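In this text, all values refer to a predicted model and were calculated from it rather than measured experimentally.
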Amino acid sequence: MNLEEFKNKLQKYKRSDIIITEHADLQAFSRRIDIEEIKDNIINPVKLVYYKEQEAENPNEEKYECFFEYEKNLYHKYAIILNRKIIIVTVIVINRNWQGAIK
C-alpha cells in the first residue's frame, strides 16, 4: 500500500476510535505534545510523510511507525496499532533527519 492509500485508511477512523496508551500519554506529556494534536495528525494525516509496517503481536492487528513532518528536521514519530481502533503506543520527537534511521 502506498502512502496515499495508507492516509486514506487512517482517515476512515474517527477521533473517538483513537486510544492513547498510558506510555504514549506520558511520552507526549514529557515531550510537550498535545494529545489533541496527535489525534488531529491521525485523522487528518497531511503531515504524514512516511510509514513503515512493523510486525504485530496479534494476527488481527496491524502495527506501523508513522513519521509526521513539522519542519525540515523536526518530526513526530508515532508507533500505532490498527484493529477496530487506532492505538497510539508511543510518541517520539525527532530533531534530525530520520531517513538514515530507516535504512
Side-chain angles (χ1 to χ4, degrees):
M1 148 175 48
N2 67 33
L3 182 61
E4 288 306 312
E5 292 170 330
F6 184 68
K7 286 180 178 183
N8 289 335
K9 184 176 194 163
L10 291 178
Q11 289 175 321
K12 292 178 182 176
Y13 290 89
K14 298 179 220 142
R15 182 178 292 276
S16 60
D17 293 329
I18 300 173
I19 299 168
I20 308 290
T21 64
E22 183 178 345
H23 174 76
D25 190 47
L26 289 170
Q27 293 299 311
F29 177 78
S30 68
R31 293 177 169 109
R32 296 186 174 117
I33 301 172
D34 182 39
I35 294 297
E36 294 307 312
E37 179 181 0
I38 295 169
K39 291 178 179 182
D40 287 343
N41 282 336
I42 295 295
I43 61 172
N44 186 20
V46 295
K47 294 179 183 177
L48 182 65
V49 293
Y50 182 77
Y51 80 97
K52 181 178 178 183
E53 189 165 6
Q54 301 290 306
E55 186 174 332
E57 293 180 17
N58 298 313
N60 60 338
E61 296 178 339
E62 300 170 31
K63 185 175 181 182
Y64 299 96
E65 287 181 321
C66 301
F67 293 82
F68 296 85
E69 183 177 43
Y70 282 79
E71 296 175 10
K72 181 177 164 90
N73 287 319
L74 178 61
Y75 299 86
H76 287 185
K77 175 182 165 185
Y78 308 156
I80 67 171
I81 295 173
L82 304 180
N83 53 29
R84 293 177 305 228
K85 304 280 185 179
I86 295 179
I87 302 168
I88 310 295
V89 178
T90 195
V91 178
I92 299 169
V93 174
I94 301 173
N95 291 316
R96 60 177 165 73
N97 190 328
W98 55 271
Q99 294 168 337
I102 61 170
K103 291 182 181 180

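In this structure, OG in S16 is found 6.0 Å from NZ in K85, a value given to the nearest 0.5 Å. To the nearest 0.5 Å, atom CZ of residue F68 and atom CD1 of residue I94 are 11.5 Å apart. Atom OH in Y64 sits 10.5 Å away from atom CD in Q54 (nearest 0.5 Å). Here CG of N41 is found 10.0 Å from SG of C66. Values are rounded to the nearest 0.5 Å. Atom NZ in K47 sits 10.0 Å away from atom CD in E71 (nearest 0.5 Å).
Take E62 and apply the salt bridge (Lys or Arg N to Asp or Glu O under 4.0 Å) test, not counting sequence neighbours, and it matches K9. Taking the side chain to side chain contact (heavy atoms under 4.5 Å, CB included) definition, one finds that Y13 meets it with D17, L82, I86, sequence neighbours left out. For K77, the salt bridge (Lys or Arg N to Asp or Glu O under 4.0 Å) partners at least two apart in sequence or on another chain are E65. In this structure N44 satisfies the side chain to side chain contact (heavy atoms under 4.5 Å, CB included) test together with Q11, V46, sequence neighbours excluded. Residues that satisfy the side chain to side chain contact (heavy atoms under 4.5 Å, CB included) test with N2, not counting sequence neighbours, are E4, E5.
Residues V91 and L74 fall within the same hydrophobic cluster, defined by Ile, Leu, Val, Met, Phe, Trp and Tyr side chains chained together at heavy-atom separations under 4.5 Å. I38 and F6 fall within a single hydrophobic cluster, where Ile, Leu, Val, Met, Phe, Trp and Tyr are joined by side-chain heavy atoms under 4.5 Å apart, directly or via other members. Hydrophobic clustering (side-chain heavy atoms under 4.5 Å, transitive across Ile, Leu, Val, Met, Phe, Trp, Tyr) keeps L10 apart from F67. Y70 and Y51 end up in the same hydrophobic cluster when Ile, Leu, Val, Met, Phe, Trp and Tyr side chains are linked at under 4.5 Å.
With ring centers used as reference points, Y50 lies 6.0 Å or more from Y75.
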Using distance only, find each side-chain donor-acceptor pair of residues 18-26 under 3.5 Å and give its atom names and separation, not counting sequence neighbours.
residue: T21; atom: OG1; partner: A24; partner atom: N; Å: 3.1
residue: T21; atom: OG1; partner: I88; partner atom: O; Å: 3.1
residue: T21; atom: OG1; partner: V89; partner atom: O; Å: 3.0
residue: H23; atom: NE2; partner: T90; partner atom: OG1; Å: 3.1

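Within the 4.5 Å cutoff, the side chain of N95 has no heavy atoms near those of the N73 side chain. Looking at heavy atoms from C-beta onward, I80 lies out of side-chain contact with K63 at the 4.5 angstrom threshold.
Within a 6.0 Å sphere centred on CD of E36, heavy atoms belonging to other residues, nucleotides or ligands number more than 12. For F29, the CZ atom counts as loosely surrounded, since its 6.0 Å shell holds 12 or fewer non-hydrogen atoms of other residues, nucleotides or ligands.
Annotation for P45 and K7: closest pair O-CE, 3.2 Å, computed over non-hydrogen atoms.
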